[in-house]
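Structure record follows, encoded as structure tokens.
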Amino acid sequence: MTTRSSIIRTRFAYRFLHSLRKLNQQEKTNSRRVKHAAYASMASAVGSKRTWSRAVLSKIRNRSLNRNLLKKKKRRSSEESGFGELRKLVPGGQVMNFYNLLDETADYINCLTSQVQVMKNILNLLST
């Protein structure tokens, strides 16, 4: 049985290796470009169903936030204000309500874990 995380790992690995191949053909490759390739590959692998992945792709494409989303941010209740740091860490977290923030955080952590596992596997493969 194939789990969601293994599907995401496979999609991420394919997209990330494709991006690395493109970067390798360029004259200037730096860690910032590799980092952007990793983020874009993971967000693309997850798709547009998750808020954090849309936020990452939007940021990469230099799109500004929708004004309606910023209005929602201002309406947030004071009981949720203790999650300001978490909102900064999760892409798109500034515009999410409390419950969506927790759901997106859990998904984002799972995806980052998958991303690290794939990158470790690539490193091990290339190191041998």
Side-chain angles (χ1 to χ4, degrees):
M1 186 170 123
T2 308
T3 64
R4 180 178 183 270
S5 60
S6 66
I7 292 170
I8 289 174
R9 272 195 297 267
T10 302
R11 287 181 187 165
F12 168 71
Y14 175 78
R15 287 172 171 87
F16 186 55
L17 288 171
H18 182 72
S19 296
L20 289 178
R21 192 175 313 127
K22 281 185 177 180
L23 286 175
N24 195 33
Q25 294 171 353
Q26 297 176 357
E27 286 185 28
K28 291 185 177 182
T29 301
N30 57 31
S31 61
R32 186 177 54 94
R33 288 185 178 186
V34 173
K35 177 179 152 182
H36 283 282
Y39 283 142
S41 299
M42 181 53 71
S44 177
V46 170
S48 62
K49 293 179 183 176
R50 304 305 298 201
T51 303
W52 70 262
S53 63
R54 288 192 306 271
V56 168
L57 292 172
S58 177
K59 186 175 181 179
I60 290 171
R61 294 177 185 142
N62 293 323
R63 292 183 182 167
S64 63
L65 287 174
N66 188 343
R67 290 184 184 183
N68 292 334
L69 295 176
L70 290 175
K71 288 178 185 176
K72 288 180 185 178
K73 175 184 173 185
K74 291 179 182 177
R75 287 187 234 144
R76 200 174 298 123
S77 67
S78 61
E79 65 191 32
E80 298 173 11
S81 63
F83 290 91
E85 289 300 314
L86 184 59
R87 290 183 190 284
K88 292 177 189 175
L89 293 173
V90 177
Q94 296 84 358
V95 295
M96 291 180 216
N97 67 34
F98 174 70
Y99 299 105
N100 287 345
L101 177 65
L102 293 178
D103 182 48
E104 291 290 326
T105 300
D107 186 70
Y108 188 56
I109 289 170
N110 286 334
C111 288
L112 288 176
T113 303
S114 296
Q115 185 180 40
V116 168
Q117 289 173 346
V118 168
M119 293 173 95
K120 281 181 179 180
N121 290 342
I122 292 170
L123 182 63
N124 289 337
L125 181 67
L126 297 175
S127 296
T128 56

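Predicted model only: the values in this text are computed from it and were never measured.
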Does anything in [range] pair up under salt bridge (charged side-chain N to carboxylate O under 4.0 Å, His left out), and if so which pairs, sequence neighbours excluded?
range            : result
residues 24-43   : none
residues 114-128 : none
residues 95-111  : Arg4-Asp107, Arg50-Asp103, Arg50-Glu104, Arg50-Asp107
residues 88-100  : Glu85-Lys88

Residues in side-chain contact (heavy atoms from CB on, under 4.5 Å) with [X], at least two apart?
X      : value
Arg15  : Arg11, Ser41, Ser44, Ala45
Asn124 : none
Val34  : Phe16, Leu20, Leu23, Thr29

Please list every donor-acceptor pair under 3.5 Å in which a side-chain atom of residues 111-119 meets a protein atom from a residue at least two apart or in another chain.
residue : atom : partner : partner atom : Å
Thr113  : OG1  : Ile109  : O            : 2.8
Ser114  : OG   : Asn110  : O            : 3.2
Gln115  : NE2  : Ala38   : O            : 3.0
Gln117  : OE1  : Arg9    : NH1          : 2.7

Point to revise | Residues that Thr10 engages under side-chain hydrogen bond (donor to acceptor under 3.5 Å, both in side chains), provided they are two or more places apart | key: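 Here no residue qualifies.
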Practice item. With sequence neighbours left out, write down each residue that passes ring pair (Phe, Tyr, Trp, His ring centres under 6.0 Å) with Tyr108, or none if nothing qualifies. Key: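 Tyr108 satisfies ring pair (Phe, Tyr, Trp, His ring centres under 6.0 Å) with Trp52 only.
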Practice item. Can you tell me which residue pairs pass the ring pair (Phe, Tyr, Trp, His ring centres under 6.0 Å) test with a partner in residues 109-128, sequence neighbours excluded? Key: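 Checked against ring pair (Phe, Tyr, Trp, His ring centres under 6.0 Å) - neighbours excluded - no pair reaches residues 109-128.
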Practice item. Flag yes if Tyr39 and Ile122 sit in one hydrophobic cluster, no otherwise; membership is Ile, Leu, Val, Met, Phe, Trp, Tyr, and two members link when side-chain heavy atoms are under 4.5 Å apart. Key: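 Yes: a chain of side-chain contacts under 4.5 Å links Tyr39 to Ile122.
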Practice item. Any chance you could lay out the side chain to side chain contact (heavy atoms under 4.5 Å, CB included) test for Leu86 and Leu101, step after step, and finish with the verdict? Key: CA-CA 8 Å; Leu86 184 59; Leu101 177 65; 4.0 Å; yes
Exercise for review: Would you confirm whether Ser53, through its side chain, and Gly47, through its main-chain N or O, come within 3.5 Å as a donor-acceptor pair?
Suggested key: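 Confirmed, Ser53 side chain pairs with Gly47 backbone.
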